[in-house]
Protein chains: 2
Amino acid sequence: MSPGHKKGTDMANAPQCADCKRINEVLSRVGDRWSVLIVISLAQYGKMRFNQLKRHLGISQRMLSLTLRELERDGLVSRTYHPTIPPKVEYDLTELGQSFREPVRALGMWALENLSRIDEARSRYDAEAEQAKKSA
Amino acid sequence: MSPGHKKGTDMANAPQCADCKRINEVLSRVGDRWSVLIVISLAQYGKMRFNQLKRHLGISQRMLSLTLRELERDGLVSRTYHPTIPPKVEYDLTELGQSFREPVRALGMWALENLSRIDEARSRYDAEAEQAKKSA
DNA sequence: CGGGATCCACTGGGATACTG
DNA sequence: CAGTATCCCAGTGGATCCCG
């Protein structure tokens, strides 16, 4: 397989619990940043073209192409090629991709709602760490 | 900061849309595999000790320690140190961590339900790719 | 037991440059 | 326009050894 882009952990022979392995497997598939962002974009705007996605996401065309292929392979995204000149390719969510929107949105909403709280916790933590360092 | 573990993309000066940046930021925080798995474990079993988590997840102690610190910093996990001999440290979810369970569970459920469908799509895709290669 | 410090391999991912 | 192919660096993360 091409350079870069290979997912999943193997960790020699991880003796972990079956559930974790399962979930791990799952996250390895659709869990990366770009996949999620692509799905969200398509969900929001419908059919999109390659460069349109590229500009919208601020993703390098390498990662876009790689990730789109994976998503197509996983059956979340459909790719339609129009052999015109210049060529035109449109990407869209499949049924499966659509069904993925909900959980993703839930996670996104939580994140948006709690980002500030996380930031607070961080500064608090960092401040305390700073204190601890001074009294050394 | 210590070796390894730094999240987030910068992509030079990504001209992407604000939403995407925001979501990206969010995913950078609590979006990695280990964070999710740790939260799930704690959610399921309650307070857990270091090596207990380690064994349960099949995670290297380096990543466990790193990830736990991040989670504590982000205010999702609490750390209680018992200065006994031998020492005993317990990790648990905070309120914020608890609230994170729901969206995570939603995602997990979707994944579990659709894993087989993804697998199907994959073999289909791979088979077709194989075909295409033969007629070359 | 609960980590910190090192070392090292692999991979994610950006920057070109080239093709159809 | 829609990619593919290279190159290459930085970050991720496992393995080890060590210490209180």
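Naming convention: chains lettered A, B, ... in sequence-line order (proteins, then strands); numbering from 1 in each chain. Computed over heavy atoms, backbone and side chain alike; hydrogens, waters and symmetry mates excluded.
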Whether A:S65 contacts D:dA2 is assessed here as follows: a side-chain N or O lying under 4.0 Å from the phosphate OP1 or OP2. Is that the case? no
Rounded to the Å, how far apart are B:Y81 OH and C:dG3 C1'? 10 Å
A:I38 CD1 - C:dG13 P separation (whole Å): 11 Å
Using whole Å, what does the distance between atom P of nucleotide D:dA2 and atom CG of A:L57 come to? 14 Å
Just the rounded figure in Å: distance from C1' of C:dC1 to NZ of B:K47. 18 Å
Atom-pair distance (CG on B:D32; C1' on C:dT11), nearest Å: 15 Å
Is any side-chain N of the basic residue among B:R105 and B:E102 closer than 4.0 Å to the acidic one's carboxylate O? yes
Using OP1 and OP2 only, check whether a side-chain N or O of A:R69 sits under 4.0 Å from D:dT4. yes
Quick one: does any side-chain atom of B:T94 pair with a main-chain N or O of B:G75 as donor and acceptor, under 3.5 Å? yes
Check against salt bridge (charged side-chain N to carboxylate O under 4.0 Å, His left out), B:R122 and A:E72: CA-CA 9 Å; B:R122 281 202 178 189; A:E72 191 196 349; over 6 Å; no
Starting at CH2 of A:W34 and ending at C1' of C:dG14, how long is that distance when rounded to a whole Å? 10 Å
Measure NZ/B:K54 against P/C:dC1 and give the value in whole Å, please. 10 Å
Ionic contact status for B:D92 with B:R79, cut-off 4.0 Å: no
If the cut-off is 4.0 Å, is B:R62 near the phosphate of D:dA15, judged by side-chain N/O to OP1 or OP2? no
Working note: A:E95 + A:S99, criterion side-chain contact (heavy atoms from CB on, under 4.5 Å); need CA distance, chi angles, decisive distance, verdict. CA-CA 6 Å; A:E95 295 290 307; A:S99 78; over 6 Å; no
Would you please confirm or rule out a distance under 4.0 Å between OP1 or OP2 of C:dG2 and any side-chain N or O of B:R49? yes
Just to confirm, is there a sub-4.0 Å distance from OP1 or OP2 of C:dG3 to any side-chain nitrogen or oxygen of B:Y91? yes
Atom pair distance, as rounded to whole Å: CE in B:M48 and C1' in C:dG2: 15 Å
Protein-nucleotides 17-20 of chain C N/O pairs under 3.5 Å:
residue : atom : partner : partner atom : Å
C:dA17  : N6   : A:Q61   : NE2          : 3.1

Hey, is the side chain of B:R79 poking within less than 4.0 Å of OP1 or OP2 on C:dG3, counting only N and O atoms? yes
When the ring planes of B:H56 and B:Y45 are compared, do they come out parallel, tilted or perpendicular, using 30° and 60° as the limits? perpendicular
Between A:D32 and A:S35, a side-chain donor and acceptor under 3.5 Å: yes
